[in-house]
Amino acid sequence: MFYYFIREIKLGIKNLLLHGLRSLLTMLGMVFGVGSVIAMLAVGEGASREALQQILLLGSNNIIINTVKPADGGGSKSQVRNNLSMYGLLHDDVDRLVTFSSIEKIVPVRLLSKEARLGKQSIEVRLVGTLPAWFDMVGRDFVAGRPLLDADEKTKANVVVLTEYAARKLLAGHKSIGQYVRIGGNVFQVVGIVRSRGGAGGTVKVPDQTNDAYIPLSSMNERFGTIDVRRSAGSRERELVELHQILVQVDENTVEATARGIRAMLERFHTKNDFLLHIPLALLKQAEETKRTFNIVLGSIAGISLLVGGIGIMNIMLASVTERTREIGIRRAIGAKRKHIVGQFLVETVVLSTTGGLTGIAVGLLIPWFISRLSGLPTVVTPLSLILSLAISMAVGIIFGLYPAIRAARLDPIVALRHD
Amino acid sequence: MADAATIQCECRLEKVNKIYQIGGRTVSALTDINFEIQSGEFWAIMGPSGAGKSSLLNLLGCLDRPTSGNFHLCGQDISTLDDNGLSELRLRKLGFIFQSFHLIPELTVRENIELPLFYLDRNSSRNRQRAQELAVLVGLDDRLRHRPSELSGGQQQRVAVARALANDPAILLADEPTGNLDSATGKKIMDMLLQLNERGKTIIMVTHEASVATYARRTLHMRDGRIDFFS
Ligand SMILES: Nc1ncnc2c1ncn2[C@@H]1O[C@H](COP(=O)(O)OP(=O)(O)OP(=O)(O)O)[C@@H](O)[C@H]1O
Ligand SMILES: [Mg+2]
């Protein structure tokens, strides 16, 4: 059986090489079918992994409530005095959230855009006024120093935690911890440096950014006032936004119910659309759902292209059987059994489809590589997709080769011998 | 080479009929055939075109089955064998030589000669050696790597003879082996068959050339699907 099998494969390859161009063209269907499927899977997997990673950065048991500027600029229904727009999340909202039993932590955040300066060095920072719990919830590594403390909040201390990026820009050539820097005209002492993971860009907003500077919320309100004045295009724009963000940590199992509760509560007290809930867990589920849909679509495309490839193979094999009818007759007269003839043609189709599949895998590896190279999109080729496509291309060979092979084997030897 | 004379393999036909059916019409190709062929004999089958010579040879070669009657080959009742059984019998006991050689054009001379051994699933290095020996026997050992299309008709038929001998068959069946050859080349092939018969191979040959039939020790004359007479 062993010698026979080896010789069959050799003979099959020889026969395919004999009609090189024809075999190649037949194979192309499989090559592009398998290649495009692997490439698409790689792109899809890459995108979904990136999305997942970003979502996980948000923490799957967190809910992020953001202030958004309402469509009317916070003007009409709120007090508009001297161009003052008032909108957004309130300290009262935080107090109301405290009554939710499923909420474990609440961290209010106020954001200002300020310039930080040390000597001649300066950078634009996103000044984050928040509570010490921020560092528990967002959970980033400290490069040096300490996070904000409750004492800082209580005493309205002028202390700041910088991100590694901001520290590098600002503190170059100076000592880091204990250094005094000017932020928006006030002097703050650097007490810690934290490694930021935000700012990578993408679909999901991570709570932190690379150019953050964290100060106690109480200090922010004390030093910079509660009204943010911005000058833009000659006009002065004044905004009263108490809080830009509230981070809420919830028991993992009640995320969705709590989110519904929070939304209902906020809608009751906010007459304008000036807040937005981000629920990482919902995003996660949505991402998984999207991926599933994507895979179904991909599977259908793969199925169709493999079907087309398979039909191409079957077509060629049927032609080949007709062409080689006399050879089949000769082999039968010499003593080949039906199973030998089936084997001969089946080996040929499987060799054809498997070679096509392997070439397709090579193509499918190259395309994502190029995509990553050219566009920077992340692509991930999973081993499973390779094994699966190889197995499927072999199966296509067997399925679509079986009918021509059986037809060949069922030929009457005498009739086949007389064929010319 | 194994001595075929030691393999006892007779043919016995009793009241054999062969009827072909084509679209409702029936053609009686063979009618009431009774005869026996002993081991080591050399038979010629003669008769006018359409007399049923090829039909008879196909039956004897287990490529076909009688419509009715008994056919025993090498002690086996053919009617009890399925397609696999018939193939097995062809593979182990029979060798075919055809009028138009029927070599496989894609294979080399050596591969063509080896073909029956391929289905016997023998060790491939021994197969090579056997193909070599057979090529020497038919005088073509310098052409082993050639394709059939690169050979003359006579050479091709010699390859076919070598191939028919590869499985060391008990019976050689030849349907007009000289039909596509000129008389000188035909004579060479016939001398070769005669030699094989002298070494003990049973040979059954269809021909309509009287000069070729003289090589055989017995001749069966057919007419309209019936045995006309023996000579
Ligand atoms: N497969 C077949 N289907 C139908 N009829 C057949 C078939 N094979 C042979 N016949 C018929 O059987 C009869 C005998 O044919 P056969 O081929 O045996 O003749 P033959 O003696 O070999 O003739 P020739 O000398 O021309 O080769 C013919 O009438 C032929 O038409
Ligand atoms: Mg004939």
Side-chain angles (χ1 to χ4, degrees), chain A residues 1-23 317 319-345 347-348 351 405-420, chain B residues 18 20 22 29 54-55 57-59 61-65 82-108 111-128 147-148 160 163-167 169 173 175:
Chain A
M1 196 63 205
F2 176 74
Y3 291 112
Y4 171 75
F5 199 65
I6 295 291
R7 283 209 50 175
E8 279 287 16
I9 290 178
K10 274 195 200 161
L11 196 76
I13 292 171
K14 200 170 141 180
N15 261 316
L16 292 173
L17 288 179
L18 217 67
H19 307 284
L21 184 64
R22 193 169 82 175
S23 306
M317 290 318 286
S320 177
V321 167
T322 308
E323 223 169 67
R324 286 154 69 188
T325 299
R326 205 156 78 138
E327 175 190 330
I328 295 163
I330 296 168
R331 287 175 184 269
R332 294 283 279 132
I334 280 168
K337 294 175 182 154
R338 279 188 176 148
K339 66 172 188 196
H340 291 128
I341 303 296
V342 169
Q344 181 187 341
F345 282 92
V347 160
E348 250 175 65
V351 166
I406 287 175
R407 222 165 98 152
R410 291 216 165 271
L411 286 170
D412 180 349
I414 299 171
V415 174
L417 273 172
R418 246 192 258 132
H419 192 271
D420 45 22
Chain B
K18 180 72 201 177
Y20 289 110
I22 327 162
S54 296
S55 301
L57 201 73
N58 287 340
L59 260 180
C62 296
L63 286 168
D64 211 350
R65 248 190 273 255
D82 60 2
D83 188 87
N84 258 350
L86 292 180
S87 302
E88 192 71 31
L89 212 55
R90 293 198 295 271
L91 183 60
R92 301 198 180 272
K93 306 280 192 205
L94 306 177
F96 286 91
I97 301 164
F98 303 96
Q99 175 174 358
S100 44
F101 324 132
H102 281 345
L103 301 175
I104 296 178
E106 288 86 14
L107 302 182
T108 63
E111 288 165 335
N112 265 292
I113 297 175
E114 274 182 16
L115 202 58
L117 304 174
F118 179 29
Y119 292 114
L120 283 167
D121 193 24
R122 298 237 177 96
N123 177 305
S124 78
S125 67
R126 259 197 305 182
N127 287 358
R128 282 175 84 100
R147 295 283 154 100
R163 181 181 64 188
L165 292 171
N167 58 342
L173 299 149
D175 196 344

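Worth saying up front: this structure is predicted, and the values here are computed from it rather than measured. In the text below, chain A, chain B and the rest are named by the order of the sequence lines, each starting its count at 1.
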Checklist outcome for this item: Among R331(A), E327(A), R326(A), the residue with the most heavy-atom pairs under 4.5 Å to chain B is R331(A)

Next on the checklist: Please classify the contact between L103(B) and chain A as side chain, backbone, both or neither, with a heavy-atom cut-off of under 4.5 Å.
Outcome noted: backbone

Checklist entry - Where do R338(A) and N84(B) come nearest, in terms of heavy atoms and distance? => result N-OD1, 4.5 Å

Next on the checklist: Walk me through whether E106(B) and N15(A) qualify under side chain to side chain contact (heavy atoms under 4.5 Å, CB included).
Outcome noted: CA-CA 8 Å; E106(B) 288 86 14; N15(A) 261 316; 4.3 Å; yes

Item to check | CZ/R410(A): more than 12 non-hydrogen atoms of other groups inside 6.0 Å | outcome: no

Checklist entry - Taking atom CG of L115(B) and atom CD1 of I330(A), what is their separation to the nearest 0.5 Å? => result 8.5 Å

Checklist entry - Is the closest basic N to carboxylate O distance between K10(A) and E111(B) below 4.0 Å? => result no

Item to check | Under-4.0 Å salt bridge between K337(A) and E88(B) | outcome: yes

Checklist outcome for this item: Rounded to the nearest 0.5 Å, the CD1 atom of I414(A) sits from the OH atom of Y20(B) at a distance of 5.0 Å

Checklist entry - With a 4.5 angstrom heavy-atom cut-off, which part of K14(A) approaches chain B: side chain, backbone, both or neither? => result side chain

Checklist outcome for this item: Under 4.5 Å to a heavy atom of chain B? For R332(A) that would be both

Checklist entry - Which heavy atom of S87(B) sits nearest a heavy atom of A336(A), and at what distance? => result OG-O, 3.7 Å

Item to check | Which portion of I334(A) sits near chain B, non-hydrogen atoms under 4.5 angstrom | outcome: both

Item to check | Among N58(B), L63(B), D83(B), residue most engaged with chain A (heavy-atom pairs, under 4.5 Å) | outcome: D83(B)

